[in-house]
Amino acid sequence: VYLEGASGAGKTTLMKIISGYYHPTSGEVKFGGIDVGNIKKSGEGNIYSRIAYLSQFPYLFEDSLKNNLRFGLGKEIPDEKIQEVLRDVGLGVRFRDLNEMLFGGSGDFGKTSGGETSRIGLARVLLKIRNSNCRLVFLDEPTASVDKTTKKDIAEIINKEKIKMPQTTFIVISHDEEFIKMLDCNIQIRMESGKIVEK
């Protein structure tokens with residue numbers, strides 16, 4: 001699903017309402033006929049174990065690269081799988097040591113550039129969807145701060161993951177028309193002033 005609209009149209013807010021981070025002031029959000037407010041938020045089988053979310057500005061914790069990537073999974077992941085994901089997002093050479101310590105925060109500072117931080121965020125999401133039963137994947141400006149080649153790589157990765165996971169819905173926000181054309185989106189939704197105006 002491609003969610004389009006001008007800045008401030010409500011796209012990210014809608015994503016956060018659907019994913020349960022925000023509560024709607026009116027209306028309702030349901031998964032399989034069950035209101036999102038009545039779905040478990042913690043413990044085994046909780047809603048967040050079925051959702052992967054890449055924000056426009058991924059946050060890094062002051063911890064090792066490995067722990068940053070495994071965040072939200074709640075289980076051990078073999079180093080080989082982590083290294084595979086890093087290679088897929090173009091960071092295999094940059095990060096050979098999974099125990100390398102990262103600075104906390106987001107953006108273009110410290111040990112990682114803005115582009116590297118974006119790709120670490122994508123790697124975190126890929127690791128989660130490949131190692132859990134994700135049914136919803138939210139990608140908010142996944143090509144922010146990356147070069148043209150990496151943008152193409154990211155589109156190919158998303159398309160391949162979708163083919164492997166036909167039961168999973170991918171919802172993408174992007175102002176990058178070139179990137180959107182590379183994706184196999186079959187639903188397009190346009191928003192204006194917090195409302196869906198076209199589907």
Side-chain angles (χ1 to χ4, degrees), residues 1-23 41 47-74 82 85-92 94-95 98 100-130 132 134 136-158 161 169-180 182-183 185 189 191 193-194:
V1 178
Y2 168 39
L3 193 56
E4 70 159 328
S7 295
K11 303 180 300 297
T12 299
T13 300
L14 179 60
M15 265 194 185
K16 289 184 175 178
I17 289 171
I18 294 170
S19 59
Y21 290 111
Y22 291 170
H23 295 290
K41 302 293 188 297
I47 189 172
Y48 300 119
S49 67
R50 301 293 184 93
I51 293 174
Y53 193 106
L54 174 63
S55 68
Q56 185 174 354
F57 304 106
Y59 189 87
L60 299 183
F61 301 97
E62 193 165 332
D63 204 337
S64 68
L65 173 65
K66 182 194 285 191
N67 287 340
N68 265 281
L69 292 173
R70 292 184 322 159
F71 176 75
L73 268 170
I82 296 173
V85 165
L86 287 172
R87 285 192 298 272
D88 286 346
V89 298
L91 293 176
R94 165 66 179 86
F95 291 107
L98 297 181
E100 181 175 332
M101 294 300 290
L102 303 180
F103 294 123
S106 61
D108 201 352
F109 71 97
K111 285 189 174 182
T112 57
S113 68
E116 287 170 344
T117 302
S118 293
R119 285 183 278 173
I120 289 170
L122 179 61
R124 183 187 285 158
V125 166
L126 286 176
L127 205 59
K128 184 168 186 182
I129 65 180
R130 290 177 183 177
S132 66
C134 268
L136 268 176
V137 179
F138 296 95
L139 303 167
D140 192 352
E141 298 289 355
T143 56
S145 309
V146 301
D147 57 61
K148 201 166 188 174
T149 303
T150 306
K151 182 196 303 184
K152 186 170 179 282
D153 292 342
I154 289 171
E156 287 176 4
I157 289 166
I158 293 169
E161 295 301 321
T169 300
F170 287 68
I171 301 177
V172 183
I173 293 175
S174 179
H175 288 104
D176 188 335
E177 290 182 17
E178 182 185 16
F179 172 68
I180 290 298
M182 297 178 196
L183 295 179
C185 293
I189 294 172
M191 292 189 69
S193 305

Val89 side chain reached by Asp153 side chain, heavy atoms, under 4.5 Å = no
What class does the angle between the rings of Phe61 and Phe71 fall in, given that below 30° is parallel, 30 to 60° is tilted and above 60° is perpendicular?
-> tilted
When rounded to the nearest 0.5 angstrom, what distance separates OG in Ser118 from CG in Leu54?
-> 7.5 Å
Does the side chain of Ile51 come within less than 4.5 Å of Phe138's, by heavy atoms?
-> yes
Residue pair Phe95 / Leu86: nearest heavy atoms and the distance that separates them = O-CD1, 4.0 Å
Atom CG of Leu122 and atom CD1 of Ile157: how far apart are they, to the nearest 0.5 Å?
-> 6.0 Å
What distance do Glu100 atom CD and Asp63 atom CG have between them, rounded to the nearest 0.5 Å?
-> 12.5 Å
Might you point out which heavy atoms bring Ile154 and Pro142 nearest each other, and give the distance in Å?
-> CD1-O, 3.7 Å
Could you check if a side-chain atom of Leu102 sits within less than 4.5 angstrom of a side-chain atom of Ile120, using non-hydrogen atoms only?
-> yes
Measuring from Met101:CE to Leu60:CG, what's the distance to the nearest 0.5 Å?
-> 11.5 Å
Min side-chain heavy-atom separation Leu136-Arg50 under 4.5 Å = no
Under the salt bridge (charged side-chain N to carboxylate O under 4.0 Å, His left out) rule, collect the residues that match up with Glu161, sequence neighbours excluded.
-> Arg130, Lys164
Show me the donor-acceptor pairs, under 3.5 Å and distance only, between side chains in residues 6-16 and residues at least two apart or in other chains.
from  : atom 1 : to     : atom 2 : distance (Å)
Lys11 : NZ     : Gly5   : O      : 2.9
Lys11 : NZ     : Ala6   : O      : 3.0
Thr12 : OG1    : Asp140 : OD2    : 2.8

Taking every non-hydrogen atom, the tightest pair across Ser132 and Ser49 = OG-O, 3.9 Å
For Thr143 against Ser174, the heavy-atom pair lying closest together | OG1-OG, 4.3 Å
Go through the steps to decide whether Thr112 and Thr117 satisfy the test side-chain hydrogen bond (donor to acceptor under 3.5 Å, both in side chains), and finish with yes or no.
-> CA-CA 6 Å; Thr112 57; Thr117 302; 3.0 Å; yes
Taking all heavy atoms of Ser19 and all of Tyr48, pick out the closest pair and write down the distance.
-> O-CE2, 3.3 Å
Measure the CG-CG distance between Asp88 and Leu126 for me, rounded to the nearest 0.5 Å.
-> 7.0 Å
CZ (Arg70) and CG (Leu98) are apart, to the nearest 0.5 Å, by 10.0 Å
Step through the shown structure and confirm whether more than 12 heavy atoms of other residues, nucleotides or ligands are within 6.0 Å of NZ on Lys152.
-> no
Using the benzene-type ring in the case of Trp, are the ring centres of Tyr2 and Phe179 under 6.0 Å apart?
-> no
How close do Met182 and Ala155 get, heavy atom to heavy atom, and via which atoms?
-> CB-CB, 3.5 Å
